[in-house]
Amino acid sequence: MRKNIFFTILTAALLVGVCGGAAARKKPAQKPRILISTDIGGTDPDDNQSMAHFLMYSDEFDTEGIVSSPSYGSGSKEEILRMIDLYEEDLPKLRKHAPGLASPDYLRSITKQGRKGPAPLCGYTTATEGSDWIVECARRESGRPLYVLVWGGLDDIAQALHDAPDIAGRIRVYWIGGPNKKWSVNSYVYIVENFPNLWMIENNVAYRAFIADGKNKDKYNGGFYDHFVKGAGALGADFGSYLGGRPKMGDTPALLYMMDGDPADPEGESWGGRFQRCRRSPRVVFNRTATERDTVQNYAVIEFHVKGPVLGDEMKGKPCITLTIARQSWEGYYMGGGDYMARYSTYTLGTLPYTITSDIEGFAAQSGAVTIENSWPGRPRPTDYKLGRQWYTDHGDPALFHTFLQGGATIYKWRNEAMEEWGRRWAWLK
């Protein structure tokens with residue numbers, strides 16, 4: 001009897017060692033309903049890596065949609081379909097181990113084209129195939145909420161909420177914000193102003209801990225491709241074509257959140273992070289030229305207002321000025337009464353010089369600077385957007401920072417386990 005007990009304990013210990021601690025994963029009690037909004041094919045190939053991750057774990061979700069969201073590049077529905085084609089090549093081997101993996105034809109049927117390019121000042125425009133599909137999925141009768149995992153801009157979510165406000169109580173959004181916030185700042189403002197009670201995880205910075213060690217050569221980072229992926233089917237060959245095979249996968253924490261713990265509890269432990277309630281979203285308004293002494297919280301919405309020639313009312317809300325900051329240019333708008341406004345958000349720290357220019361006759365160019373500090377949401381201001389009780393964001397406890405990344409430790413602590421487990425699925429393809 002003692003030998004049997006010893007053998008059982010030893011076997012369990014060996015299994016934990018082999019699995020890299022992955023036994024710690026606690027799958028949700030029910031398969032979550034999910035819809036993915038992705039800017040795949042745009043300026044960053046990390047969405048392709050995250051898409052491969054999703055496809056190889058599609059047996060763990062009730063997936064209702066995959067929407068090509070604004071990519072600010074050449075991203076499109078066709079890029080999602082290309083990834084599904086690769087998945088179809090590998091599926092016979094994968095299904096030997098996970099028979100519940102989704103059918104390629106089904107995945108194609110739920111892949112939709114969302115908006116291309118950012119929304120105008122109001123935050124929405126006309127419906128897209130993608131935004132209509134979000135509405136259709138959200139309105140389905142179910143005892144489970146629809147989790148919308150946003151890997152890019154919020155434009156299709158804003159459009160869906162505008163067209164069907166009744167879905168606000170039926171969806172739960174996990175958004176990889178950060179740089180995606182500056183690309184879809186108008187849609188973000190529309191949502192916080194009109195749907196402050198939306199169930200939202202706004203992950204602006206914690207997700208970055210998942211890619212913090214990208215230059216390390218260990219098997220979970222720089223060596224991941226050589227150790228786990230090389231020679232692993234069509235998806236593996238595709239994975240190696242991005243970033244030299246280095247895994248970036250900045251959007252993957254949204255997927256991991258649905259794979260571990262209780263998705264209904266953002267304050268609990270999860271592979272996709274642990275979050276805290278956020279009752280306000282920083283908004284900083286400058287009605288004068290800003291200087292480097294003016295500090296703004298990271299990820300805040302910034303409004304630069306400039307006086308200029310009075311135009312006709314038909315110009316209200318029209319783009320007519322250009323804000324250049326951090327080596328990028330952004331449209332600004334005429335607000336009426338000689339007031340011009342450029343809206344911006346950033347994740348770049350330090351002092352950022354800026355210029356505001358226009359081709360309008362009599363418009364005086366403006367140059368200034370603003371200093372971005374590493375705090376979120378930081379000190380309150382009377383101009384902040386007020387949020388409801390279901391808005392969550394990166395945890396502010398200093399003990400949960402990873403280096404300078406707020407809340408990053410809540411994701412970083414699980415990264416090796418997540419990558420080790422995925423590595424076992426890659427082995428199925430060899």
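For the atom pair CD1 (Ile321) and OH (Tyr334), the distance works out to 11.5 Å, reported to the nearest 0.5 Å. In this structure, CG on Leu55 lies 9.5 Å from CG on Leu94, to the nearest 0.5 angstrom. For the atom pair Gln276 CD and Thr410 OG1, the distance stands at 10.5 Å (nearest 0.5 Å). Here the CD1 atom belonging to Ile84 is positioned 5.0 Å from the CG atom belonging to Leu107, to the nearest 0.5 angstrom. To the nearest 0.5 Å, the span separating CZ on Phe224 from CD on Gln49 amounts to 9.0 Å. How far CH2 of Trp414 is from CZ of Arg274: 11.0 Å, rounded to the nearest 0.5 Å.
In the model, Tyr299 has no side-chain atom that pairs as donor or acceptor with a side-chain atom of Ser281 under 3.5 Å. A side-chain donor from one of Asn48 and Glu79 sits under 3.5 Å from a side-chain acceptor of the other. Between the side chains of Glu202 and Asn204, at least one donor N or O lies within less than 3.5 Å of an accepting N or O. Under the 3.5 Å distance criterion, with hydrogens and angles disregarded, no donor-acceptor pair is assigned to the side chains of Asn221 and Arg246. Side-chain N/O atoms of Thr324 and Ser329 include a donor and acceptor closer than 3.5 Å. Counting only N and O atoms by type, the side chains of Thr295 and Thr371 include no donor and acceptor under 3.5 Å apart. No side-chain N or O of Tyr207 forms a donor-acceptor pair with one of Thr252 less than 3.5 Å apart. Of the N and O atoms on the side chains of Asp47 and Thr38, at least one donor lies less than 3.5 Å from an acceptor on the other residue. Side-chain atoms of Tyr347 and Asn180 form no donor-acceptor pair, as typed in the model, at a separation below 3.5 Å. Side-chain contact annotation: Glu420 with Tyr220, donor-acceptor N/O pair under 3.5 Å present.
Between Trp426 and Phe239, the ring-plane angle classifies as perpendicular under the 30° and 60° cut-offs. Using cut-offs of 30° and 60° for the angle between ring planes, the Phe304 and Phe286 rings count as parallel. Between His53 and Tyr57, the ring planes are perpendicular. Angles over 60° get that label, and only those under 30° would be called parallel.
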Next on the checklist: Is there a side chain to side chain contact (heavy atoms under 4.5 Å, CB included) between Ile372 and Val370? Walk through the geometry before answering.
Outcome noted: CA-CA 7 Å; Ile372 310 300; Val370 64; 4.2 Å; yes
Next on the checklist: Working note: Thr346 + Leu352, criterion side chain to side chain contact (heavy atoms under 4.5 Å, CB included); need CA distance, chi angles, decisive distance, verdict.
Outcome noted: CA-CA 10 Å; Thr346 185; Leu352 304 180; 4.2 Å; yes
Item to check | Residues Thr322, Thr357; criterion side-chain hydrogen bond (donor to acceptor under 3.5 Å, both in side chains); working and verdict | outcome: CA-CA 5 Å; Thr322 300; Thr357 58; 4.8 Å; no
Checklist entry - Would Thr289 and Gln366 count as a side-chain hydrogen bond (donor to acceptor under 3.5 Å, both in side chains) if you check the C-alpha gap in whole Å, the side-chain angles of each, and the deciding distance to 0.1 Å? => result CA-CA 7 Å; Thr289 301; Gln366 183 183 105; 3.3 Å; yes
Checklist entry - When you look at Phe61 and Tyr147, which way does the ring-ring contact (aromatic ring centres under 6.0 Å, His included) test go after all the steps? => result CA-CA 11 Å; Phe61 316 106; Tyr147 287 89; over 10 Å; no
Next on the checklist: Applying side chain to side chain contact (heavy atoms under 4.5 Å, CB included) to Tyr87 and Leu101, what does each step give before you reach the verdict?
Outcome noted: CA-CA 10 Å; Tyr87 165 72; Leu101 286 163; 3.3 Å; yes
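Salt-bridge check for Lys26 with Glu269: failed, with every basic side-chain N at 4.0 Å or more from each acidic carboxylate O. A salt bridge is defined here as a Lys NZ or Arg NE, NH1 or NH2 lying under 4.0 Å from an Asp or Glu carboxylate O, and Asp155 with Lys116 fails to meet this definition. Between Lys31 and Glu60 no salt bridge is recorded (no basic side-chain N to carboxylate O distance below 4.0 Å). With respect to Asp90 and Arg425, no salt bridge is recorded, no charged nitrogen being found less than 4.0 Å from a carboxylate O. With respect to Asp226 and Lys219, no salt bridge is recorded, no charged nitrogen being found less than 4.0 Å from a carboxylate O. No salt bridge links Lys318 with Glu331; every basic N to acidic carboxylate O contact stays at or beyond 4.0 Å. No salt bridge links Lys112 with Glu136; every basic N to acidic carboxylate O contact stays at or beyond 4.0 Å.
Scanning all heavy atoms of the two residues, the minimum distance from Trp376 to Ala300 falls at CZ3-N, 4.2 Å. Nearest heavy-atom pair, Pro253 versus Ile411, reported as atom, atom and distance to 0.1 Å: CB-CD1, 3.9 Å. The minimum heavy-atom distance between Leu161 and Phe195, with the atom names listed, is O-CZ, 3.4 Å. Heavy-atom minimum distance, Ser375 versus Gln297: O-CB, 3.3 Å. Taking all atoms of both residues into account, the shortest heavy-atom contact from Ile360 to Cys320 is CD1-CB, 3.8 Å. The two residues Arg283 and Thr383 make their nearest non-hydrogen contact at O-OG1, 2.5 Å.
A salt bridge (Lys or Arg N to Asp or Glu O under 4.0 Å) check over residues 371-385, counting only residues at least two apart or in different chains, returns the pairs Arg280-Asp384.
The one candidate from Tyr392, Phe275, Trp199 that meets the ring pair (Phe, Tyr, Trp, His ring centres under 6.0 Å) condition with Tyr174 is Phe275.
Using a 4.5 Å heavy-atom threshold, the side chains of Ile66 and Leu35 count as separate. You'll find the side chain of Val185 stays beyond 4.5 Å of the side chain of Lys182, heavy atoms only. Between Arg108 and Glu88 there is a side-chain heavy-atom pair separated by less than 4.5 Å. Proximity of Ile201 to Val173: side-chain heavy atoms (C-beta onward) are nowhere separated by under 4.5 Å. Glu421 is listed as a side-chain neighbour of Trp271, based on a closest heavy-atom distance under 4.5 Å. Contact annotation: the side chain of Trp422 never approaches that of Phe228 to less than 4.5 Å [non-hydrogen atoms, C-beta and beyond]. In this structure the side chain of Met259 never reaches within 4.5 angstrom of the side chain of Lys27, judged on heavy atoms. With a 4.5 Å cut-off on side-chain heavy atoms, Thr128 and Gln159 do not count as touching.
Atom CG of Asp359 has 12 or fewer neighbouring heavy atoms from other residues, nucleotides or ligands inside a 6.0 Å radius. Summarising the local packing, CZ of Arg144 is surrounded by more than 12 heavy atoms from other residues, nucleotides or ligands at distances under 6.0 Å.
Cation-pi geometry between Lys181 and Tyr188 is met: under 6.0 angstrom from the ring centre, within 45 degrees of the axis. A cation-pi arrangement is found for Arg140 relative to Trp133, the charged atom lying closer than 6.0 Å to the ring centre and inside a 45° cone about the ring normal.
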Between side-chain atoms of residues 208-217 and protein atoms elsewhere (two or more places apart, or another chain), which donor-acceptor pairs fall under 3.5 Å?
from, atom 1, to, atom 2, distance (Å)
Asp213, OD2, Tyr412, OH, 2.5

